[in-house]
Student: 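Following this message is one structure expressed as C-alpha cells.
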Amino acid sequence: MDVFDAIKGRRSVREFRPEPVKEGDLRKILEAAQQAPSAGHCQPLELVVVMDRGVKQRLVRAALGQTFIAEAPVAIVVCANVPRTSRRYSRRGEELYCIQDTAAATQNILLAAYALGYATCWVGAFDEGAVAEVIKAPAGVRPVAIVPIGKPAEKPSPPQRIPLNKIVHEDSF
Ligand SMILES: Cc1cc2nc3c(=O)[nH]c(=O)nc-3n(C[C@H](O)[C@H](O)[C@H](O)COP(=O)(O)O)c2cc1C
C-alpha cells in the first residue's frame, strides 16, 4: 500500500472481530516499530505483546474501562526504556526524546497494521502505574501507549481536521 493511502485511510477503530492476527503479519508490525527513528539512535523502545485474555482484561481496568482493548486479539503495550536515552541526553532525553521515539514507533505500528488490513486504536488514557504493574515493567520502563490490533468491526468516518491554512505558518507565526 502507498504510504499516503495508509496515512489517509487509517482510522481509530474501537470495535474488533475475533479473528487472530497472523504471526507473519504481527512480525511485520513489530519490525515496523523497530524501524522508527530515535534520538541519538538510543532505541528506548520496548514492546509487550499481549494475547492472554486475563492480561488484556487487566489492561482494560488499568485503561479506565476501555473494553475494546480486550476485544482485539492482540494488544501491544509500547514502552520507553528511559535510562537508555537519559544516560546520554539527561533531562531532555528523559522528558522528551524517549517519549517522541516511542510515539514515532507507535505511529509506525498503526500504519503497518492498516497496510496489512488490520485496525488499531492508539490508547493513551490509562493509569501508568497500573499498566506497569500488569506487564511487570522493570524500573525505568514507562508504558507510553496501548495499541489493540485486529480486524475491524466498524468503519468510522474520518473526523474533521483543523484546516491546513489554520495550522501552517509561513516563516513565523
Ligand atoms: C496520544 C494519544 C492518545 C489517545 N488515547 C486514546 C484513548 O485512550 N482512547 C481512545 O479511544 N482513543 C485514543 N486516541 C485516539 C484519538 O482519539 C484519535 O486518534 C482521534 O480522535 C483522531 O481520530 P483518527 O485516529 O481516526 O484520525 C489517542 C490518540 C493519541 C495520539
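Heads up: numbering here begins at 1 and tracks the sequence. Computation of the quantities below employed the complete heavy-atom set of this structure, encompassing side-chain atoms and omitting hydrogens, waters and symmetry-equivalent molecules. In listed order, ligands and their atoms are each counted from 1. Source: prediction; values computed, not measured.
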Student: Which atoms of ligand 1 are found less than 4.0 Å from any heavy atom of Cys121?
Tutor: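 So the answer, numbered in order with elements, is 10 (C), 11 (O), 12 (N).
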Student: Do the side chains of Arg27 and Glu23 get close enough for a salt bridge, i.e. N-O under 4.0 angstrom?
Tutor: no
Student: Write out the residue and atom name of the closest protein heavy atom to atom 13 (C) of ligand 1, then the distance separating them to 0.1 Å.
Tutor: Trp122 O, 2.9 Å
Student: Taking atom CD as the centre, does Glu19 end up with more than 12 heavy-atom neighbours from other residues, nucleotides or ligands that are less than 6.0 angstrom away?
Tutor: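 Counting other residues, nucleotides and ligands, CD of Glu19 exceeds 12 neighbours.
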Student: Between Glu46 and Arg142 (salt bridge meaning N to carboxylate O under 4.0 Å), is one present in this structure?
Tutor: no
Student: Starting from atom 25 (O) of ligand 1, what is the nearest protein heavy atom, named by residue and atom, and what distance separates them?
Tutor: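 Of every protein heavy atom, Ser12 OG, 2.6 Å lies nearest to atom 25 (O) of ligand 1.
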Student: Suppose I only count heavy atoms of Arg11 and a 4.0 Å limit; which atoms of ligand 1 are within that range?
Tutor: 24 (P), 26 (O), 27 (O)
Student: I need the atoms of ligand 1 closer than 4.0 Å to a non-hydrogen atom of Val123, numbered in the order shown.
Tutor: 5 (N), 6 (C), 7 (C), 8 (O)
Student: Which one of Arg10, Gln66, Arg14 has a non-hydrogen atom at the shortest distance from atom 21 (O) of ligand 1?
Tutor: Arg14
Student: Is Ser157 close to Lys155 at the side-chain level, that is, under 4.5 Å between some pair of heavy atoms?
Tutor: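 No, too far: nothing below the 4.5 Å cut-off.
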Student: Do other residues, nucleotides or ligands put more than 12 heavy atoms under 6.0 Å from the NE2 atom of His169?
Tutor: yes
Student: Determine whether more than 12 heavy atoms belonging to other residues, nucleotides or ligands lie under 6.0 Å from atom CD1 of Ile167.
Tutor: yes
Student: Determine whether the side chain, the backbone, both or neither of Pro159 has a heavy atom under 4.0 Å from any heavy atom of ligand 1.
Tutor: side chain
Student: Quick check: does Gly124 get an N/O under 3.5 Å from an N/O on ligand 1?
Tutor: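 Yes: some nitrogen or oxygen of Gly124 is under 3.5 Å from one in ligand 1.
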Student: Give, for atom CZ of Arg14 and atom CD of Gln66, the distance between the pair rounded to the nearest 0.5 Å.
Tutor: 8.0 Å
Student: Nearest protein heavy-atom contact for atom 8 (O) of ligand 1: which residue, which atom, what distance?
Tutor: Ala125 N, 3.0 Å
Student: Using the ring of Phe16 (Phe, Tyr or Trp, six-membered ring only), decide whether Lys151 places NZ or CZ under 6.0 Å from its centre and within 45 degrees of its axis.
Tutor: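 Judged by the rule, Lys151 and Phe16 form no cation-pi pair.
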Student: What atoms of ligand 1 come within less than 4.0 Å of a heavy atom belonging to Arg161?
Tutor: 27 (O)
Student: Would you mind listing which atoms of ligand 1 come within a distance below 4.0 Å of any non-hydrogen atom of Phe68?
Tutor: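 Result: 11 (O).
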